[in-house]
Protein chains: 2
Amino acid sequence: MVLMARSATTTDAFNAVAEASRRDLLDAISTGEVTVGELVDRLGLSQPQVSKHLGVLRAVGLVLVRVDGRRRWYRVNGPALQPIHEWVRSFERTWNTRLDRLDDLLAELNDKDTP
Amino acid sequence: MVLMARSATTTDAFNAVAEASRRDLLDAISTGEVTVGELVDRLGLSQPQVSKHLGVLRAVGLVLVRVDGRRRWYRVNGPALQPIHEWVRSFERTWNTRLDRLDDLLAELNDKDTP
DNA sequence: TTGACATATGCCGATATCGGAATATAATGG
DNA sequence: CCATTATATTCCGATATCGGCATATGTCAA
């Protein structure tokens, strides 16, 4: 029986994106097709580090690659981010809506009434 | 010098939310104030497991607690999710269709009208 | 063909995680 | 005051991660 200590980074987009370096990579790639070497230069990370992180992003489908001779052009695969977007969006009302602000207001008044 | 293997789960909301159980907890809590015992019952997790996960969520400010005698009422702290929301939102254009882009445009115009 | 270039992969040690079980802390009720 | 209830904390073994360094794979160019 296999007992996992922590979900693998390649489990899903949530885990892959937990690492800040990988978010930075996605940010850099989002500007358009980028080469590995260019990412190394831009982010100041080691080449193996970049390749490994890209491997994780590839594994969960967050990036797609186009092979062109000896270099690889990476691009962001947007739809893979949708699960995160949807999940977080379901909480929007907890910070955004007028109703919540009303709740907060009432709570505040309540606090003043019952110290 | 401390060399960290992987960002601590308490580093930020991204890391805290990477774990599926913690997302489930937040989903359950989002319905309103909930007690630890209620979460144990609803999610079928062990009590220490729930308490530990709540500890992580507390550490990154994703939940707030109200102490009431020997029980604790947890609630979601929406704003702590905004960083994730903002980051993912910046990729929206990578998956949106033309219609969605129109929505964005309208939303932008709307924002300008209603500050 | 051979060497330089671009990227991926393998091995390493240090570390924090996870769940389980036991235990600690704290508040309630009889 | 004591047993019970509610929640948090500690210790444990197994595991996957991360960065660094070395190396493998693959491709172009002279």
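Residue numbers begin at 1 in each chain, while the letters A, B, ... track the order of the sequences. Note that the structure is a prediction, hence the values are computed from the model and not measured.
- Side chain of A:Arg23 to backbone of A:Ala18: a donor-acceptor contact under 3.5 angstrom is found.
- Atom pair B:Asp41:CG and D:dT7:P shows a separation of 10 Å (rounding to whole Å applied).
- Annotation: proximity of residues 30-40 of chain B to DNA chain C (heavy atom, distance under 4.0 Å) is found for no residue.
- B:Arg58 and B:Val63 get closest at one heavy-atom pair: N-CG2, 3.6 Å.
- Judged by distance alone, the side chain of B:Arg72 and the main-chain N or O of B:Val65 form no donor-acceptor pair under 3.5 Å.
- Shown here for B:Ile84 and B:Phe14, the closest heavy-atom pair between the two residues is CA-CZ, 3.7 Å.
- Counting all heavy atoms, side chain and backbone alike, A:Val88 lies closest to B:Leu81 at CG1-O, 4.1 Å.
- Distance B:Leu43 CG to C:dG19 C1': 15 Å, rounded to the nearest Å.
- For residues 59-72 of chain A, proximity to DNA chain C is found at A:Arg70, A:Arg71, A:Arg72, defined as any non-hydrogen atom under 4.0 angstrom from a strand atom.
- The distance from atom CH2 of B:Trp73 to atom C1' of D:dT7 is 14 Å, rounded to the nearest whole Å.
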*Full working for side-chain contact (heavy atoms from CB on, under 4.5 Å) between B:Glu86 and B:Ser90*: CA-CA 6 Å; B:Glu86 294 300 316; B:Ser90 75; over 6 Å; no

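- Contact annotation for A:Thr9: backbone-only contact, meaning every heavy-atom pair under 4.0 Å involves sugar-phosphate atoms and none involves a base.
- Rounding to whole angstrom units, CZ of residue B:Phe14 and C1' of C:dT17 are separated by 20 Å.
- Here the closest non-hydrogen pair linking A:Asn77 and A:Gly61 is ND2-O, 2.9 Å.
- Close to D:dA6, at under 4.0 Å from its OP1 or OP2, lies no side-chain N or O of B:Tyr74.
- Taking atom CG of A:Asn15 as the reference point, atom C1' of C:dA16 lies 14 Å away to the nearest angstrom.
- Although no hydrogens or angles enter the test, the distance criterion places a donor-acceptor pair under 3.5 Å between the side chain of A:Ser46 and the main chain of A:Gln49.
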Please write out each protein N/O paired with an N/O of nucleotides 20-24 of chain D under 3.5 Å, distance rounded to 0.1 Å.
residue, atom, partner, partner atom, Å
D:dG20, OP2, A:Gln49, OE1, 3.2
D:dG20, O6, A:Lys52, NZ, 2.3

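- Here the shortest heavy-atom pairing between A:Thr11 and A:Ala8 reads OG1-O, 2.7 Å.
- Without hydrogens or angle criteria, A:Ser51 side chain to A:Pro48 main chain gives no donor-acceptor distance under 3.5 Å.
- When rounded to the nearest whole Å, the span between CZ of B:Arg6 and P of C:dA16 equals 13 Å.
- Between A:Ser21 and A:His53, the shortest heavy-atom distance links the atoms CB-NE2, 3.7 Å.
- Per the geometry, CZ belonging to B:Arg22 stands 12 Å off C1' belonging to C:dA16, to the nearest Å.
- Atom pair A:Leu54:CG and C:dT7:P shows a separation of 10 Å (rounding to whole Å applied).
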